[in-house]
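What's counted below: heavy atoms across the whole structure, side chains too, no hydrogens, waters or symmetry copies. Counting from 1, the numbers follow the sequence of the chain as shown.
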Amino acid sequence: MAEKIQLGKYQELIVTKKVDFGVFLNTPAGADSEKILLPKNQVPENTQLKDVLEVFVYRDSEDRPIATMQKPELTLGGVARLEVKQVTKIGAFLEWGLSKDLFLPFKEQLYPVREGDAVLVTLYLDKSERLCASMHVYDVLRNDSEYEKDDPVSGHVYEISENFGVFVAVDDLYSALIPKKEVFEKYRINQPVQARVAQIMEDGRLTLSVKKKIPEQMNDDAEYILGCLETAGGFLPFHDKSDPTAIKNRFHMSKNAFKRSIGRLLKEGKITISPDGIRTK
């Protein structure tokens, strides 16, 4: 079977015909009807028949397949962070390094994007064989990172789930999750995240924690609680029997972390704990 020219990918194609307005390219065994134009302003100097050129194939403004020597920032099935160049009534258009901007349909947006936003997207072919962008990147993020447990990582939030937690693209490339039980603040899509690898799942996906390891985090949490007490005049109506949700909302930490921290403060003689709450000494 003859190899077909594929949209959205880099390919090595052979020069089969030279014309005034460029050269036609094809695969080694491609049918004549499959040939594709590389416009004259893209043709390298001294290009001859049967030369092999690496090109990217997409559709031009008239929806015709066309080759280019330019290097877009995104290929089919990959991920990249692209800038929103324009928002129109039919969707958004992204800057991706080609003369024709990349279309991001409304249905593929996780939130209404605005001009100037930098959004993480993947490239796919729609039902009409047109190249489009999508912000739904979960299935195309990689799970082969070389990060190890407790390594610091950085990335951006790309999706938020009430059931699972906050999905993060580490390095805008690797799949990661801050589990729901670790979420102590309100996140937004595109928010930068600094975290550490808490676990590496069997499939290679990363589980993250924004908290430090317990001894370090306990120090930070204890200092934070002391600061809250000072701001509140030395008393807060919280103790080791308080409701976990109330603790999370007030101190942005789990009940266990809160209990560890006030236990340390009590041992250090910095607070007292009574049935109505905690007080500074």
Evaluate the side-chain proximity of [Y] to [X]: yes if any heavy-atom separation is below 4.5 Å, no if none is.
| X | Y | value |
| --- | --- | --- |
| Leu226 | Leu265 | yes |
| Leu94 | Val121 | yes |
| Ile225 | Phe258 | yes |
| Tyr174 | Leu141 | no |
| Leu131 | Phe103 | no |
| Tyr138 | Arg205 | yes |
| Ile271 | Ile262 | yes |
| Val170 | Leu173 | no |

For this session: Run the numbers on Arg279 and Thr272 for side chain to side chain donor-acceptor pair (under 3.5 Å), then give the verdict.
Result: CA-CA 5 Å; Arg279 290 177 171 82; Thr272 61; 5.6 Å; no
Tell me if the [atom1] atom of [X] is crowded by more than 12 foreign heavy atoms within 6.0 Å.
| X | atom1 | answer |
| --- | --- | --- |
| Glu162 | CD | no |
| Lys40 | NZ | no |
| Met201 | CE | no |
| Phe164 | CZ | no |

Establish whether [X] and [Y] are linked, either directly or via other cluster members, by ILVMFWY side-chain heavy-atom contacts under 4.5 Å.
| X | Y | value |
| --- | --- | --- |
| Ile36 | Leu125 | yes |
| Tyr124 | Leu74 | no |
| Trp96 | Tyr10 | yes |
| Ile14 | Val57 | no |
| Leu49 | Leu13 | yes |

For this session: List the steps and the verdict of side chain to side chain contact (heavy atoms under 4.5 Å, CB included) for Thr88 and Gln86.
Result: CA-CA 6 Å; Thr88 70; Gln86 184 182 18; 3.8 Å; yes
For this session: Could you walk me through whether Asn163 and Ser161 pass side chain to side chain donor-acceptor pair (under 3.5 Å), step by step?
Result: CA-CA 5 Å; Asn163 294 324; Ser161 166; 4.8 Å; no
[X] side chain to [Y] main-chain N or O, any donor-acceptor pair under 3.5 Å?
| X | Y | result |
| --- | --- | --- |
| Asn190 | Ala118 | yes |
| Glu230 | Gly234 | no |
| Thr47 | Val43 | no |
| Lys255 | Ser242 | yes |
| Thr75 | Gly78 | no |
| Asp101 | Phe93 | no |
| Arg59 | Arg130 | no |
| Glu73 | Ala80 | no |
| Ser175 | Asn143 | no |

Distance check, rounded to the nearest 0.5 Å: [X] atom [atom1] versus [Y] atom [atom2]?
| X | Y | atom1 | atom2 | answer |
| --- | --- | --- | --- | --- |
| Gln42 | Thr68 | CD | OG1 | 3.5 Å |
| His239 | Leu266 | NE2 | CG | 14.0 Å |
| Ser209 | Leu206 | OG | CG | 13.0 Å |
| Asp51 | Lys18 | CG | NZ | 8.5 Å |
| Leu120 | Leu110 | CG | CG | 9.5 Å |
| Cys132 | Leu104 | SG | CG | 9.0 Å |

Exercise. Cationic tip of Lys9 within the cone over Tyr58's six-membered ring, i.e. under 6.0 Å and within 45° of the normal?
Worked result: no
If every non-hydrogen atom of [X] is compared with every non-hydrogen atom of [Y], which pair is closest and at what distance?
| X | Y | value |
| --- | --- | --- |
| Pro179 | Thr207 | CG-CG2, 3.5 Å |
| Ile66 | Leu37 | CG1-O, 3.4 Å |
| Met69 | Pro44 | CE-CG, 3.9 Å |
| Tyr224 | His252 | OH-CD2, 3.7 Å |
| Glu129 | Leu7 | O-CD1, 3.4 Å |
| Ala67 | Leu38 | O-CD1, 3.5 Å |

Exercise. With Phe24, which residues qualify under ring-ring contact (aromatic ring centres under 6.0 Å, His included), at least two apart?
Worked result: none
For this session: Just do the side chain to side chain contact (heavy atoms under 4.5 Å, CB included) check on Gln199 and Lys149 with the steps written out, would you?
Result: CA-CA 6 Å; Gln199 185 181 5; Lys149 190 175 185 300; 5.8 Å; no
Problem set entry | Sequence-distant partners of Arg64, salt bridge (Lys or Arg N to Asp or Glu O under 4.0 Å), two or more places apart | Asp60, Glu62
For this session: Would you check, one step at a time, whether the test side chain to side chain contact (heavy atoms under 4.5 Å, CB included) holds for Tyr187 with Val193?
Result: CA-CA 9 Å; Tyr187 287 88; Val193 171; 4.2 Å; yes
Exercise. Any Lys/Arg nitrogen of Lys259 or Asp240 sitting under 4.0 Å from an Asp/Glu carboxylate oxygen of the other?
Worked result: no
Exercise. Do Lys248 and Glu185 meet the salt-bridge criterion of a basic N to acidic O distance under 4.0 Å?
Worked result: no
For this session: Step by step, work out the salt bridge (Lys or Arg N to Asp or Glu O under 4.0 Å) result for Glu148 and Arg196.
Result: CA-CA 9 Å; Glu148 297 181 355; Arg196 67 177 176 87; over 6 Å; no
Exercise. For Arg81, which of Asp117, Asp171, Asp172 qualifies under salt bridge (charged side-chain N to carboxylate O under 4.0 Å, His left out)?
Worked result: Asp172
Exercise. Hey, do the aromatic rings of Phe238 and Phe251 have their centres closer than 6.0 Å?
Worked result: yes
For this session: Dump the intermediate steps for side chain to side chain contact (heavy atoms under 4.5 Å, CB included) on Val15 and Leu25, then the final yes or no.
Result: CA-CA 5 Å; Val15 178; Leu25 307 173; 3.7 Å; yes
